[in-house]
Protein chains: 2
Amino acid sequence: MTAARTTPAPAGGAELGAPLGLRERKKLKTRLAIRESTYRLIEEQGYDATTIEQIAEGAEVSPSTVFRYFPTKEDIVLTDEYDPLMEQLLRERPAGEPIIESMRHVLRDAVGRIQSGGEAEQRELVLRTRLMVESVPVRARLMESMSMTGRIVCGVIAERTGRGADDFEVRVLAMGMMGALLESIMYWAERGCVDDLLDLVERALDIFESR
Amino acid sequence: MTAARTTPAPAGGAELGAPLGLRERKKLKTRLAIRESTYRLIEEQGYDATTIEQIAEGAEVSPSTVFRYFPTKEDIVLTDEYDPLMEQLLRERPAGEPIIESMRHVLRDAVGRIQSGGEAEQRELVLRTRLMVESVPVRARLMESMSMTGRIVCGVIAERTGRGADDFEVRVLAMGMMGALLESIMYWAERGCVDDLLDLVERALDIFESR
DNA sequence: CCATCTTTTGAGAGTCACTCTCATTTCATG
DNA sequence: CATGAAATGAGAGTGACTCTCAAAAGATGG
């Protein structure tokens with residue numbers, strides 16, 4: 001759902017064959033350490049009160065290093081790797097299927113994956129979503145990445161319909177859907193993340209579909 | 001279209017009776033001076049290269065004063081007073097009319113107003129829209145204000161349908177529409193603002209309406 | 001016109017995210 | 001183990017934004 005766009009990414013894609021040298025393993029660990037330090041601090045004292053310096057200290061790296069791994073503070077919280085996954089799942093759907101139907105399946109899959117994943121993953125999702133309601137910059141960044149997700153959806157729609165990804169109708173449709181989706185997440189977050197997210201998302205798609 | 005939310009607002013609303021003392025007139029002038037200084041500098045050297053200090057200098061005020069009038073740099077460019085106007089126009093539409101139809105009329109009215117307005121107003125619109133494509137923070141701020149506009153639309157829909165403004169369906173619908181609208185503006189901006197904006201907006205609504 | 005009260009302003013110091021540069025450390029490779 | 005490449009840390013610098021405080025300027029009653 002959120003765009004992955006960081007400098008030292010985990011070696012583009014999921015090359016299984018790569019044995020991953022010491023260097024790469026260390027990078028992964030650092031990246032994780034920064035994230036965890038950030039999550040912990042934010043839960044303790046909130047987003048605004050948490051400085052990069054504290055995050056660096058907690059992760060036992062220098063502030064410079066934090067910025068080498070994440071371009072902005074918001075990105076530490078928001079960057080994830082769902083977009084490529086979503087794109088893949090989306091492309092796997094039958095080409096004839098209406099896009100909304102495809103999205104429904106894909107989202108069901110994705111949300112299900114998180115919910116059945118580790119507890120840590122769920123806490124992360126909740127924290128991130130909470131931040132999105134509480135912090136203006138985080139929300140802004142999320143919206144930005146939503147619009148990137150929208151471009152991906154555009155790509156898929158375009159492929160299926162034979163139209164260009166830059167086609168006006170395609171873009172308007174995709175972003176309309178994104179708006180509806182984002183709002184359903186907001187709604188969920190505002191109510192303390194206690195409702196069934198999957199249910200909300202599906203309802204949002206229903207609403208969008210039938211008008 | 002964009003939310004007005006600044007500290008020294010032009011005396012809330014349009015109280016015609018107020019004779020406007022010297023103090024108020026000065027504030028208005030300062031506000032305008034800051035805006036104009038900003039627009040000029042941005043056109044000359046771009047958004048990022050323009051600092052608050054330069055803006056202040058150009059407007060012949062201190063940097064502190066700039067922040068007293070506008071909470072952030074983005075707000076200098078984006079703050080406008082369309083939201084209240086839109087809300088008013090929207091409420092003036094017949095209650096039975098479908099919301100999309102109402103929006104169509106309101107937008108037609110609003111866009112028309114700008115196009116038939118002064119040339120300065122049009123240049124402003126174009127500059128702002130261009131910035132939205134070029135600058136990440138500006139775009140973020142615009143999205144934020146779009147979601148505020150969405151809340152207003154929610155309010156109107158709620159009134160008409162008798163549902164709460166916090167009703168899930170209402171919110172999803174409103175934000176979906178906003179997404180579609182925003183994307184049509186992006187589309188316009190990306191193509192150099194040469195197409196007919198009104199036409200695009202209406203098409204966006206059509207698309208949104210018929211699915 | 002003056003005294004007083006309130007609002008607006010400017011100046012300055014301070015915080016924090018983020019950028020750039022450069023020397024040092026650390027891993028990879030033959 | 002020597003050599004080259006990549007990652008790190010340290011430090012200085014920029015710019016948006018906040019806060020505080022004293023000076024300036026408009027509003028007000030006499």
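All values derive from a computational prediction rather than experimental measurement.
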How close or far is atom C1' of C/dT8 from atom CZ of B/Phe70, stated in whole angstroms?
16 Å
Within 45° of the ring axis of A/Tyr187 and under 6.0 Å from its six-membered ring centre, is that where the NZ or CZ of A/Arg191 lies?
yes
Atom of B/Cys154, atom of B/Ala174 and distance for their closest heavy-atom approach:
SG-CB, 3.7 Å
Rounded interatomic separation in angstrom, taking CZ from B/Arg23 and P from C/dT8:
6 Å
Within a reach of under 6.0 Å around CD of A/Glu57, are more than 12 heavy atoms found that belong to other residues, nucleotides or ligands?
no
Rounded to whole Å, CD of B/Glu24 lies from P of D/dA25 at a distance of 18 Å
For A/Arg40, salt bridge (charged side-chain N to carboxylate O under 4.0 Å, His left out) partners two or more places apart:
none
Here the pair of heavy atoms bringing A/Leu90 nearest to A/Arg160 is O-NH2, 3.3 Å
In whole angstroms, how far is the P atom of C/dT26 from the CZ atom of A/Arg25?
17 Å
Distance in angstrom units between A/Arg31 CZ and D/dA7 P, rounded
13 Å
Could you state the atom-to-atom distance from CD1 of B/Ile34 to P of D/dC17 in whole Å?
13 Å
Go along nucleotides 9-23 of chain C 5' to 3' and tag each nucleotide: B for a protein heavy atom under 4.0 Å from its base, S when only backbone or sugar atoms are that close, - otherwise.
BBB-----SBB----
Supply the atom-to-atom distance B/Leu78 CG to B/Arg139 CZ, rounded to the nearest 0.5 angstrom.
12.0 Å
